[in-house]
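Everything on this sheet refers to the single structure shown next.
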2 protein chains.
Amino acid sequence: MKNRLEEIRKQRGLKQEELAAALEVSRQTIGSLENGRYNPSIILAYKIAHYFQMKVEEIFIYEEEKS
Amino acid sequence: MKNRLEEIRKQRGLKQEELAAALEVSRQTIGSLENGRYNPSIILAYKIAHYFQMKVEEIFIYEEEKS
DNA sequence: TACATATGTCAAGCATACTTTCCATAAGTA
DNA sequence: TACTTATGGAAAGTATGCTTGACATATGTA
């Protein structure tokens with residue numbers, strides 16, 4: 001699972017901390033997602049997509065056969 | 001988070017066990033998703049959508065403010 | 001009745017998502 | 001230099017997703 005979080009966040013001129021606050025998660029969670037340390041829960045993925053007014057699949061890109 | 005898993009599975013004439021095998025998860029996981037005991041990981045949500053050739057958001061319906 | 005099939009659900013255990021706390025590093029500025 | 005801001009990331013703890021194994025119930029059929 002790849003994601004375009006860092007790209008989209010920067011497009012919007014947001015700091016990790018600001019995005020984290022808006023989504024009610026920790027700054028470390030945002031950093032960990034951006035750097036691929038883990039995948040978001042489906043709930044968080046939806047919150048992110050909703051916040052950016054995008055589709056989940058526009059932000060999180062599934063790559064077959066990888067966990 | 002609601003989902004249309006049971007409805008879609010039955011439309012396709014599949015048993016829980018058959019769907020589970022196709023997705024490489026346990027039958028209990030499918031049952032638990034259908035009965036709302038927990039939400040899928042984003043990986044499993046994508047596998048399910050891919051299997052049914054649908055969008056994630058057509059199957060899993062986000063309800064604001066609920067975990 | 002007896003047996004098979006499909007589903008519901010629990011319990012224990014492991015893996016992963018997310019938290020808080022902490023420290024490091026890089027870039028900008030006084 | 002010294003200080004601030006933004007980010008990276010480790011460590012330990014909690015919550016949730018998923019597993020296997022077990023048992024229950026409902027339905028259909030011999």
Side-chain angles (χ1 to χ4, degrees):
Chain A
M1 181 75 61
K2 283 189 186 173
N3 72 70
R4 296 174 50 218
L5 202 47
E6 180 172 13
E7 171 195 349
I8 297 165
R9 174 178 62 79
K10 289 184 173 172
Q11 275 177 7
R12 313 284 173 122
L14 292 167
K15 297 167 195 163
Q16 287 186 348
E17 196 152 17
E18 291 169 336
L19 178 57
L23 298 170
E24 298 181 298
V25 295
S26 67
R27 175 182 68 83
Q28 285 80 348
T29 292
I30 301 301
S32 293
L33 296 178
E34 288 189 356
N35 290 292
R37 277 189 290 282
Y38 48 73
N39 295 317
S41 66
I42 192 171
I43 293 287
L44 180 53
Y46 271 70
K47 283 184 186 169
I48 291 169
H50 180 258
Y51 179 77
F52 286 133
Q53 305 205 60
M54 296 174 72
K55 298 282 183 189
V56 169
E57 280 148 332
E58 293 174 332
I59 305 176
F60 299 95
I61 292 96
Y62 180 54
E63 301 168 288
E64 202 117 0
E65 290 306 310
K66 289 186 184 176
S67 66
Chain B
M1 181 75 60
K2 283 187 186 174
N3 73 69
R4 296 174 49 219
L5 202 48
E6 181 172 13
E7 170 195 349
I8 297 165
R9 175 179 60 81
K10 289 185 174 173
Q11 274 176 6
R12 313 284 174 121
L14 292 166
K15 298 166 195 164
Q16 287 186 347
E17 196 151 16
E18 290 169 339
L19 178 57
L23 298 170
E24 298 181 296
V25 295
S26 66
R27 176 183 66 85
Q28 287 82 343
T29 293
I30 301 301
S32 293
L33 295 178
E34 289 189 356
N35 290 292
R37 278 189 290 279
Y38 48 72
N39 295 317
S41 67
I42 191 170
I43 293 286
L44 181 52
Y46 270 71
K47 282 184 186 168
I48 291 169
H50 180 259
Y51 180 78
F52 287 133
Q53 305 204 63
M54 296 175 72
K55 298 282 183 187
V56 170
E57 281 148 331
E58 292 174 332
I59 305 176
F60 299 95
I61 291 96
Y62 181 55
E63 302 167 287
E64 201 116 1
E65 291 305 310
K66 290 186 186 177
S67 66

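All figures in this text were calculated on a predicted structure; none of them were measured in a lab. We name chains A, B, ... by the order of the sequence lines, and we start the count at 1 in each one.
If you chain together hydrophobic residues whose side chains sit under 4.5 Å apart, B/Ile8 and B/Ile61 never meet in one group.
Between B/Asn3 and B/Leu33, the shortest heavy-atom distance links the atoms ND2-O, 3.0 Å. The two residues B/Ile59 and B/Phe52 have their closest heavy-atom pair at CD1-CD1, 4.2 Å.
A/Arg37 places its CZ atom 13 Å from the P atom of C/dC18, with the value rounded to the nearest Å. Atom C1' of nucleotide C/dT7 and atom CG of B/Leu5 are separated by 14 Å, given to the nearest angstrom. Rounded to an integer number of Å, the gap from A/Glu34 CD to C/dC18 P is 14 Å. Separating the OH atom of A/Tyr38 from the P atom of D/dT16 is a distance of 15 Å, rounded to the nearest angstrom. The interatomic distance linking B/Leu23 (CG) with D/dC18 (P) rounds to 11 Å, in whole Å. When the P atom of C/dT16 is taken as reference, atom CG of A/Leu33 falls 15 Å away, rounded to whole Å. When rounded to the nearest whole Å, the span between CG of A/Asn39 and P of C/dT16 equals 10 Å. Taking atom CG of A/Leu44 as the reference point, atom P of C/dT16 lies 18 Å away to the nearest angstrom.
Among the nucleotides D/dT7, D/dG17, C/dC18, the one closest to the side chain of A/Arg9 is D/dT7. When distances are taken from the side chain of A/Val25 to each of C/dC10, D/dC18, C/dT19, the shortest belongs to C/dT19.
A donor-acceptor pair under 3.5 Å is absent between the side-chain atoms of B/Tyr46 and the main chain of A/Met1, judged by distance alone. With hydrogens and angles disregarded, no donor-acceptor distance shorter than 3.5 Å links the side chain of A/Glu57 to the backbone of B/Lys55.
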Can you tabulate the close N/O pairs, meaning under 3.5 Å, that link protein atoms to atoms of nucleotides 13-15 of chain D?
none

Full working for side-chain contact (heavy atoms from CB on, under 4.5 Å) between B/Ile48 and B/Phe60: CA-CA 10 Å; B/Ile48 291 169; B/Phe60 299 95; 3.8 Å; yes
A/Leu19 and A/Tyr51: side-chain contact (heavy atoms from CB on, under 4.5 Å), yes or no, with the steps? CA-CA 9 Å; A/Leu19 178 57; A/Tyr51 179 77; 3.7 Å; yes
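Annotation: the terminal axes of the helix from C/dT1-D/dA30 to C/dA30-D/dT1 meet at 20°, where each axis is the rotation carrying the C1' atoms of four end pairs onto the next four (5 pairs per end, rounded to 10°).
Counting only residues at least two apart or on different chains, the side-chain hydrogen bond (donor to acceptor under 3.5 Å, both in side chains) pairs with a member in residues 11-23 of chain B are B/Gln16-B/Glu34.
Paired with A/Lys47 under the rule side chain to side chain contact (heavy atoms under 4.5 Å, CB included), one option of A/Ile42, A/Leu23, A/Val25 passes, and it is A/Leu23.
By the 4.0 Å N-to-carboxylate-O rule, A/Arg4 lies close enough to A/Glu7 to be salt-bridged with it.
In this structure, CD on A/Glu24 lies 11.0 Å from CG on A/Leu44, to the nearest 0.5 angstrom.
Listed by residue number, the members of residues 12-21 of chain B with any heavy atom below 4.0 angstrom from DNA chain C are B/Lys15, B/Gln16.
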At under 4.0 Å between heavy atoms, which parts of nucleotides 21-29 of chain D does protein reach? Answer with one letter per nucleotide, 5' to 3': B base, S sugar-phosphate only, - none. BB-------
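Heavy-atom distances to DNA chain D give each of A/Glu6 and B/Ser26 a nearest nucleotide, and the one nearer the 5′ end belongs to A/Glu6. Residue-to-nucleotide proximity on DNA chain C shows that, of B/Asn35 and B/Ser41, the 5′-proximal contact is made by B/Asn35.
Every residue two or more places apart in sequence or in another chain was checked for a side-chain hydrogen bond (donor to acceptor under 3.5 Å, both in side chains) with B/Arg27, and none qualifies.
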